[in-house]
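Residue numbers run from 1 in the order of the sequence given.
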Amino acid sequence: MACTPSLDDPDQKTTEELEDLFQTSASKGLTSKTAEEYLARDGPNELEKPPKPTLLMLFVMQLTGFVIILLMCAAVASIVVNATGPKKNDILSYTTGKAIFIIVFINAGIAAWTEHKAGGALEALSKMTQASIYVLRDGVEVKVDVPGIVRGDIVILGTGDVVPADMRLLEADDVKVSEMALTGEPEDVAKSAKLKRKKPGEPEKLTPENMVFAGCSVTNGKGKGVVCDTGMSTRIGRIAQLIAGSDEGKQKKKCGCLPDMSASATPLQQNLEKLGGRIGIMAIAVCVVIFIIGVAMNRTDPANPDSPAWLYMILIAVTLAVAAIPEGIPLCVTISLSIGCSDMVTKNVLVRKLAAVETLGSASVICSDKTGTLTEGKMTMVNMWTGGVDYNVEGKGFDPTIGKIKREGSGAEATQELSVRSALLAALLCCNTTLSKVKDPETGDEKWEPKGNSSEAPIVVAARKVGFGEEVLTDFKRVMEIPFSSSRKMMLTVTDVSGRSELCQGGMALEQGTTMLSVCKGAPNFILDYCSEMLMEDGSTKQLTAQDKQDVLGVVDKYSERALRVLAIATKAMPKMPFDMDNDDISTDQKFEACRSDLCLVGLVASIDPDRDGVPESVLAARGAGIRVVMITGDYLKTAIAIAHNVNILQPDDNEALAAVDCARLRPGGGYLDNSEMDILTSCVRVFARAKPEDKLEIVKSLQRQGAVTAMT
C-alpha cells in the first residue's frame with residue numbers, strides 16, 4: 001500500500017484551506033468519483049501487516065546463527081572425512097556427523113515452534129477500529145467501510161464510534177475522546193472545532209484540541225470532521241512502524257528472503273555469536289598449526305604408509321575441529337529457555353521470542369508506562385469533602401462492593417451521614433454514566449464496568465457504595481441538561497423533585513415549595529464563583545464568605561498536590577423553572593445563567609488512577625536488585641511526579657528538578673537532542689512526562705547506547 005506523507009499541521013488550517021487542499025466540501029463531502037481516485041492513489045485505510053513468518057521460515061531462520069553454521073560445517077566435514085577414509089563403508093563411522101545434524105534440527109524445531117505460537121503486537125493495533133462509519137459522499141450521508149475512508153472525506157462521529165482516521169474537527173458538540181491508545185492516559189479529552197493559532201514559546205500539546213486520531217473512541221457528544229491522514233500515515237500507523245522497527249514499513253532482509261533481526265538481537269544471542277566466533281577462530285587456528293607440524297614431521301597414515309602426509313593431516317585437522325566445536329550448547333540453551341518460557345506462561349506472560357526469556361533476567365533498566373501498568377487504568381474516587389469534613393473513599397477499580405466511605409482521622413464509617421449522601425446523590429443526578437456487570441468474553445467471569453464518561457465513573461461507583469444504584473435515578477426525572485464545555489468548565493442538570501421534603505432518605509432538606517433542583521458539576525474555581533452558601537455537616541446551610549472560599553480552595557490544592565482530579569458539586573433549589581421551557585428563543589447560555597446563580601456548595605470529590613497492588617513493592621525489589629525503573633507517561637509533570645512517589649520510583653530525598661522532566665526538553669525547537677546530550681539527560685532521569693510514542697523510542701535508544709539492557713512495557 002502506498003503511504004502518502006502526512007499533512008503538516010492540519011490543526012492550524014482553516015476549513016476553507018482544508019476544502020481547497022482535498023477538493024472536498026464541508027457540507028457535501030467528496031464526490032464518489034473523487035473518493036475512488038483518492039483510494040486508488042493512497043491505498044486502503046488500514047495498517048500494513050508485515051507477512052507473518054511461516055513455521056518453515058522460522059525453522060530456517062534458526063539455522064542462520066554463527067554457532068549453528070559452524071556446527072553444520074563441522075558435521076559436513078566429519079561426513080566428508082569419513083567418506084574418504086578407510087571406513088567409508090562402515091555406517092557407524094558417520095555417527096558424529098549425523099548426531100550433530102539431528103541436534104541442530106531439534107534445536108531449530110523447538111525454537112521455531114515456540115515463536116510460531118506467540119502472537120504479535122501489531123495485531124492488537126489493527127483491531128482498534130470498527131467495521132464501518134457514516135461519511136458524507138455526494139451530499140448524502142452513507143455508511144462506508146473503514147478501509148474505504150480517504151483523505152478529504154467528511155466523517156460523522158457519534159458517541160461510541162471509533163475514529164477511523166486522523167481528522168480535523170469541523171463541528172464538535174460536547175465531543176470527548178479517549179486517547180489512551182496514543183498517550184496512555186485514562187481521562188477523556190474534550191475536543192472543539194475552534195482554530196487556535198500557536199503562540200511563540202507556547203508548550204506543545206500532545207494532541208491538538210481540534211484533532212481526533214485513528215483508534216481513539218468517542219466517549220461523549222457528536223461531531224463532524226475532515227480526514228487528513230489515513231492508514232500508515234496516521235499517528236497509530238507511525239506507532240505501528242515503531243513497533244515493527246521498520247523504515248517506512250520496509251523490513252530489512254538477509255540471505256535475500258529472511259527477515260533481518262540483527263538489530264533486535266538479545267544479549268544472549270549476541271554472546272552466543274561472539275562465543276561461536278571465538279571457538280571457530282581458535283579451532284581453525286589450532287587445526288592449521290597441527291596440520292603444519294604434522295606435514296613438517298611427515299606424519300602419514302599408519303594404515304596406509306604410502307599415502308601423502310598432507311592428506312592424512314587434513315583428515316586429522318578436520319577431526320580435531322569437529323571435536324572442538326561444542327555441539328551441545330545450542331540444544332542446552334534452547335531447552336533451558338523453553339522451560340523458562342513455559343514457566344512464564346503459567347504467570348500469564350506470553351513470550352514472542354525464545355531468547356527474550358534470558359533478556360528479561362539481564363535487564364538493567366525497566367521503562368514502564370503509567371496507565372494500566374503502574375496504575376489500575378481505572379479512575380477511582382479516593383477522597384471527598386463535604387460539610388467541612390474530609391472523608392476517605394476505600395476500594396480500587398469499579399467494584400462498588402469493595403470499600404467503604406470513612407471519616408478521615410477517626411476512621412468512622414460515614415455511609416449514612418447526611419452530607420455524604422447528599423453530595424453523592426447530587427453528583428449522580430449530574431451524570432450520564434452507568435455501571436453494570438458484564439461478562440468477560442475471555443474468562444467468562446463477571447466484572448463491573450462503567451459505560452460513559454471516565455470522569456463520572458468514580459462518582460457512580462462511590463454513589464453505589466452508599467446505596468444509590470441506577471434504580472434510584474428512576475425516581476428523579478431530568479428536565480434539562482447543559483453538557484460540559486471547555487468554556488463553561490461545568491455540566492448542569494435540572495431535576496424534578498416535586499413532592500419531596502428532602503433530597504433522599506437521610507439527605508439534605510429541600511425548602512418548602514421546591515419543585516426543581518439544579519445541579520452543577522465541574523471545576524471548583526469556576527463553580528465557587530457562582531456559590532453564595534454551602535452545606536454544613538448537620539444539613540443546614542451558611543453564607544459562603546471570602547474566607548470560606550479560600551478554605552475550600554485550600555482543600556482543592558491539598559488534593560491537587562497528590563495529583564487528584566477534583567470536581568465540585570453545587571445545587572440550587574427552585575420553586576419552578578426560571579424561564580419558559582417552550583420558548584425556543586432562549587439560548588443555551590441564557591438557560592445556563594438562569595440556573596447557575598446563587599448555588600449552594602455541596603462538596604468536593606477527588607479521584608485518581610490508583611497504583612496497582614504490589615507495584616510499590618515490586619519497584620523496591622527491582623531497585624534492590626540493581627535495576628533502575630523509569631516511568632514514561634503522557635500525563636502532566638506534576639501528576640507524574642506524584643504517582644512516581646506513590647510507587648517508589650521517586651524517593652522522598654530525590655531532587656525532582658533533576659529526576660523528572662517534561663519530554664519537551666528532549667526536543668527543543670522540535671528536533672531531538674544530539675546523542676551525547678540525550679544520553680546525559682536520560683542517564684539520571686527516572687520520570688518522563690508528556691511523552692509521545694516517538695519519545696519512548698528515543699529514550700530506549702539512548703539507554704541502549706549507554707550499555708543498558710532495557711525492558712519496556
Side-chain angles (χ1 to χ4, degrees), residues 6-22 24-27 151-157 163 165-183 185 187-229 233-236 238 453 455 482-491 522-523 525-526 565 587-589 592 634-639 662-665 667-671 689-695:
S6 63
L7 179 66
D8 291 333
D9 294 330
D11 60 300
Q12 296 296 298
K13 297 187 183 298
T14 64
T15 301
E16 292 74 19
E17 288 174 333
L18 291 170
E19 286 179 325
D20 291 341
L21 183 64
F22 296 118
T24 188
S25 166
S27 58
R151 292 169 60 161
D153 263 330
I154 305 299
V155 177
I156 311 299
L157 295 175
V163 182
D166 289 1
M167 296 168 49
R168 161 75 153 81
L169 289 174
L170 305 177
E171 296 177 8
D173 182 9
D174 192 29
V175 173
K176 289 187 177 181
V177 176
S178 172
E179 294 184 339
M180 189 179 292
L182 290 179
T183 64
E185 299 315 310
E187 293 184 23
D188 298 335
V189 180
K191 297 291 183 178
S192 73
K194 294 179 180 178
L195 173 61
K196 294 185 178 180
R197 297 292 185 186
K198 292 180 181 177
K199 298 177 182 178
E202 185 180 20
E204 181 185 4
K205 294 186 176 181
L206 287 181
T207 57
E209 288 185 14
N210 57 6
M211 293 286 296
V212 290
F213 298 95
C216 299
S217 57
V218 181
T219 59
N220 193 70
K222 58 184 179 179
K224 183 171 75 173
V226 58
V227 174
C228 300
D229 289 305
S233 295
T234 61
R235 287 204 180 185
I236 205 74
R238 294 198 286 275
N453 195 314
S455 63
I482 299 177
F484 176 91
S485 73
S486 56
S487 58
R488 289 189 287 266
K489 299 293 184 184
M490 64 185 77
M491 174 183 176
N525 53 330
F526 280 77
R565 188 173 189 272
S587 68
T588 300
D589 287 338
F592 180 65
D635 218 332
Y636 288 99
L637 183 59
K638 188 174 181 180
T639 303
D662 190 302
C663 280
R665 284 184 57 186
R667 35 184 163 77
R690 305 301 286 165
K692 297 179 179 180
E694 299 88 342
D695 296 337

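With sequence neighbours excluded, no residue satisfies side-chain hydrogen bond (donor to acceptor under 3.5 Å, both in side chains) with Asp166. Taking Glu171 as the reference, Lys224 meet the side chain to side chain contact (heavy atoms under 4.5 Å, CB included) condition, with sequence neighbours excluded. Partners of Leu637 according to the side chain to side chain contact (heavy atoms under 4.5 Å, CB included) rule, which considers only residues two or more places apart in sequence or in another chain, are Ile641, Ala660, Ala689. Under the side chain to side chain contact (heavy atoms under 4.5 Å, CB included) criterion, Ser587 pairs with Asp589, Gln590, sequence neighbours left out. Applying the salt bridge (charged side-chain N to carboxylate O under 4.0 Å, His left out) criterion to Glu19, with sequence neighbours excluded, gives no partner residue. In this structure, Asp20 has no side chain to side chain contact (heavy atoms under 4.5 Å, CB included) partners at least two apart in sequence or on a different chain.
Annotation for Glu179 and Phe213: closest pair OE2-CD1, 4.3 Å, computed over non-hydrogen atoms. When all heavy atoms are compared, the tightest approach of Lys176 to Ala190 is CG-CA, 4.0 Å. Between Ser233 and Arg238 the shortest heavy-atom distance is O-NH1, 2.9 Å. The nearest pair of heavy atoms linking Ile236 to Ala214 is CB-O, 3.9 Å. When every heavy atom of Arg168 is checked against every heavy atom of Met211, the shortest pair comes out as CA-SD, 3.6 Å. Pairing each heavy atom of Val177 with each of Cys216, the nearest pair is CG1-CB, 3.5 Å.
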Please walk me through it: do Glu17 and Gln12 pass side-chain contact (heavy atoms from CB on, under 4.5 Å)?
CA-CA 10 Å; Glu17 288 174 333; Gln12 296 296 298; over 6 Å; no
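With contacts defined as side-chain heavy-atom distances shorter than 4.5 Å, the pair Val218/Val163 qualifies. The side-chain heavy atoms of Val175 and Leu157, taken from C-beta on, include no pair separated by under 4.5 Å. Lys191 places a side-chain heavy atom less than 4.5 Å from the side chain of Thr207. Considering only heavy atoms from C-beta on, Glu209 comes within 4.5 Å of Lys196 through its side chain. Looking only at side-chain heavy atoms (C-beta outward), Lys692 and Cys663 stay at 4.5 Å or farther from each other.
With rounding to the nearest 0.5 Å, the separation of SG in Cys228 from CE in Met167 is 8.5 Å.
Within 6.0 Å of atom CZ in Phe592, more than 12 heavy atoms from other residues, nucleotides or ligands are found, so the atom counts as buried in its surroundings.
When Val155, Asn210, Ile154 are each tested for a side-chain contact (heavy atoms from CB on, under 4.5 Å) with Leu170, only one passes: Ile154.
Ion pairing between a basic and an acidic side chain is recognised when a charged N comes within 4.0 Å of a carboxylate O; Arg690 and Asp695 show no such pairing.
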